[in-house]
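Proteins come first, then strands; the chains are lettered A, B, ... in the order of their sequence lines, and each starts at number 1.
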Amino acid sequence: MIKKKSYQVGVMLRWLVGPICQMHRLLRTTASRGCIRQRHRLLSAVAGGDQPIRDLPPTTCAVPWNRLLCAHICRSRPDLALALYRRMRALCPALPNTYTLPLALRAATSPRIASAIHAHALHLSLHAHPDVAGQLLAAYARHGRPDEARHVFDAMPSKRTTMSWNTLISAYSVCCDPDSAMATFGRMAAAADEALPDAVTWTTLLSAHARCGKHPVVLELFGDMHRSGCEGNAESVAVALSACPYAGDLALGKGRAIHGYGVAKGVVRGYLFVTNSLVCMYGKLGKMDDARKVFGEAGEKNTVTWNALVTSYAASGMCDEALDVLVRMEQRGGMAAPNVVSWSAVIGGFASSGDNERALELFRRMQRRWLSPNVVTLATVLSACAELLAVRLGREVHAGAIRSMLDRHSLVANGLINMYAKCGRVAYARTVFDGMKSRDLVSWNSMLASYGMHGLCDDALAVFADMAEAKVDPDGVTFVAVLSACSHAGRVSEGRRLFDQMILEHRISPSMEHYTCMVDLLGRAGLLKDASELIETMPVGADLCVWGALLNSCRIHGDAAMAEATIAKVLQAGAETTGNHTLITNLYAACGMWDESKRVRVMTREAGLRKSPGQSWIEVKNKVFAFVAGSVPPSMPGAEEIFRVLDDLYSEMDDERHTMEHDHHIVSV
DNA sequence: ATAGGGTTAG
């Protein structure tokens with residue numbers, strides 16, 4: 001109770017002191033210009049938080065209000081600016097003018113607030129004023145509301161300027177709609193008498209494509225920009241560089257070319273954004289020497305520059321070096337302290353290198369620094385939890401996500417679905433899925449895969465139907481999920497129908513994974529001939545997974561002839577991996593062909609191939625124990641006890657089986 | 001007292 005009260009006092013003080021200090025300064029600096037009485041009234045209005053609003057005298061001049069609004073915005077306190085604007089409206093509803101509304105709009109932190117101010121503008125008949133309309137457009141654009149932005153844009157009374165076109169295009173960029181951005185750019189070019197595209201227009205267009213992964217288009221547009229006679233500037237060079245790593249074989253060549261272009265245009269040295277892009281570009285392409293060189297030559301560095309170096313090391317698989325840089329950032333202190341991005345990069349680096357334990361350890365360390373994770377951090381951590389089956393930490397992360405209201409974000413929710421599914425909690429996965437406000441393709445695919453991996457084919461098919469109902473177009477991943485669900489449940493006709501549907505209706509050409517699913521589906525059901533025929537129809541040669549699926553089916557159904565024929569084909573195709581050799585060995589053994597089995601085993605050993613043993617994990621009290629068949633994890637507490645219970649269970653199972661065999665004449669396989 | 005574009009983490 002006491003704590004709450006003092007908290008409230010603190011909030012009030014902060015609320016009041018800021019404006020009052022500024023008000024005093026205002027009174028001092030502008031006293032000679034008159035309006036003293038009004039300023040006194042305003043001061044009492046701002047300070048009189050406890051007085052009933054209607055008892056305060058109304059002011060008639062908007063200037064001091066506007067000055068104060070501007071001061072709050074310049075100090076990055078949109079909350080205080082908005083509170084002041086509300087107070088202004090409450091005290092004197094007619095006072096906001098063509099300066100006030102743009103200022104309030106700059107402080108709008110959500111599209112809802114922008115809409116409310118829009119309504120005020122309409123009510124005050126100020127919506128058509130160029131400044132108000134311009135800032136309305138900007139506010140809607142910032143929040144990625146292209147429909148509202150378009151509405152304002154179309155209603156703008158004055159001649160459209162390059163700037164208003166640019167703002168409209170940025171609305172499409174923010175909400176990841178590059179096609180509409182492009183279409184708008186086309187309309188702008190068609191209305192060339194009105195306004196001509198400038199460097200900002202091109203940069204906006206570039207970023208519209210960059211931000212949603214259309215990197216090849218970015219590089220094309222960068223060329224178009226140059227060809228259209230528009231000089232590349234620092235901003236556009238930065239975006240173009242960020243797209244280079246995804247250009248395939250030409251990536252490094254393009255990167256170096258644009259680097260050179262930037263040097264020629266004089267936008268490399270002293271332009272931090274370009275420096276940062278360069279470090280990251282070289283790092284992503286594994287050119288650590290170049291990345292380090294650019295980093296070293298940069299005079300001024302900020303957090304992003306350091307993060308680019310961290311990212312570069314992480315992307316090159318040098319996780320320990322990435323961590324070293326982060327530690328160096330911490331020790332240096334000052335302006336470039338590590339932030340969420342730095343930590344997420346290192347955590348992600350360890351996670352993608354397979355060291356999920358280390359990733360989670362670092363997440364704990366980040367929490368100890370009182371840094372709040374964001375959606376990217378949470379997605380990364382949840383994926384590590386899923387890999388380690390660390391459901392307790394996963395639930396803890398879920399709880400944290402709920403507290404910070406990030407749990408319904410698609411990145412986090414998709415991570416949660418995957419984590420719960422992998423940890424065997426399909427029902428939780430479904431709850432998260434149902435609670436999402438908007439589901440993307442990954443959400444649907446994750447849910448499908450969840451049911452698939454638990455053998456719940458009917459549920460998977462129901463989700464697939466819902467997906468069609470929700471008008472979400474399936475992709476290749478979707479079909480891998482449904483086909484494998486069918487395969488595990490032995491739903492042959494359903495699977496065949498889906499495979500055809502995928503090719504004919506959705507125009508998705510089947511990948512190796514799809515063929516593997518189908519061969520598995522047919523093979524497991526005993527349709528070995530059909531499976532083998534499907535392999536024959538494949539446009540490209542089957543890979544080891546496909547052959548493996550067929551061999552596995554031969555083993556299940558004890559078809560030695562088919563197995564031998566298959567093995568001949570595999571060996572003929574020159575397939576040489578341990579996995580398959582082991583499979584072949586086991587297969588011969590299963591068919592009773594011991595000599596052949598031994599022969600392959602010897603061959604394997606001579607080829608220097610050794611299979612690393614498959615591992616399993618179990619999570620006990622937030623700690624994950626890995627074990628292989630026949631071994632005891634040394635750190636496992638109470639291992640002896642566990643094995644005693646296991647022994648008891650085994651003997652009970654044995655008794656049970658003998659009884660069953662006796663009663664039902666079931667012969668165990 | 002007022003406007004649009006840029007780099008880093010999945």
Neighbours of DNA chain B within residues 229-239 of chain A, by heavy-atom distance under 4.0 Å
N233(A), E235(A), V239(A)

Give a yes or no on whether a salt bridge exists between D147(A) and R150(A), defined as a side-chain N under 4.0 angstrom from a carboxylate O.
no

Tell me which nucleotide among dA9(B), dT2(B), dG4(B) gets nearest to the side chain of P102(A).
dT2(B)

Which part of the nucleic acid, if any, lies within reach of N339(A) when heavy atoms closer than 4.0 Å are counted: base, sugar-phosphate only, or nothing?
nothing

Is the distance between the ring centroids of F295(A) and W306(A) less than 6.0 Å?
yes

Salt bridge present between K293(A) and D290(A) (N-O < 4.0 angstrom):
no

Heavy-atom donor-acceptor pair, N374(A) side-chain to dA9(B) base, under 3.5 Å:
yes

Option from T380(A), L362(A), T377(A) for which side-chain contact (heavy atoms from CB on, under 4.5 Å) with W343(A) holds:
L362(A)

Among dG5(B), dT8(B), dA1(B), which nucleotide has an atom closest to any side-chain atom of Y99(A)?
dA1(B)

Does the gap between the ring centers of Y261(A) and H226(A) come in under 6.0 Å?
yes

What is the distance, to the nearest angstrom, from the CG atom on L101(A) to the C1' atom on dT2(B)?
11 Å

Please confirm whether the backbone N or O of D131(A) pairs with a side-chain atom of H129(A), one donor and one acceptor, at under 3.5 Å?
yes

Between dG10(B) atom P and L411(A) atom CG, what is the distance in whole Å?
11 Å

Parallel, tilted or perpendicular: which fits the ring planes of Y246(A) and H215(A), with parallel below 30° and perpendicular above 60°?
parallel

Between dT7(B) atom C1' and R211(A) atom CZ, what is the distance in whole Å?
12 Å

Taking the side chain of D131(A) as its heavy atoms from C-beta onward, which of dT2(B), dG10(B), dT8(B) lies nearest to it?
dT2(B)

If you check every side-chain atom of F273(A), which of dG6(B), dT2(B), dT8(B) has the closest atom?
dG6(B)

Length of the NZ-C1' vector between K265(A) and dG6(B), whole Å:
18 Å

Report yes if at least one side-chain N or O of R142(A) is closer than 4.0 Å to OP1 or OP2 of dA3(B); otherwise report no.
no

Can you check the Q135(A) CD to dG4(B) C1' distance for me, whole Å?
10 Å

Report the nucleotide, chosen from dG10(B), dT7(B), dT2(B), that has the shortest atom-to-atom distance to any side-chain atom of V376(A).
dG10(B)

Mark yes or no for a side-chain to base donor-acceptor pair under 3.5 Å between N414(A) and dG10(B), with no hydrogen or angle criteria applied.
no

Which whole-number value in Å describes the distance from R269(A) CZ to dT7(B) C1'?
18 Å

At less than 4.0 Å, is any side-chain N or O atom of S207(A) found next to OP1 or OP2 of dG6(B)? Yes or no.
yes

Options dG4(B), dA9(B), dT7(B), nucleotide nearest the side-chain atoms of D198(A):
dG4(B)

So what does K284(A) touch, heavy atoms closer than 4.0 Å: a base, only the sugar-phosphate, or nothing?
sugar-phosphate

Interatomic distance, L278(A) CG vs dT8(B) P [rounded to whole Å]:
11 Å

Distance check needed: dG6(B) P versus N302(A) CG, whole Å only.
16 Å

Nearest listed nucleotide, side chain of V200(A), among dA1(B), dG5(B), dA9(B):
dG5(B)

More than 12 heavy atoms of other groups within 6.0 Å of Y271(A) OH
no

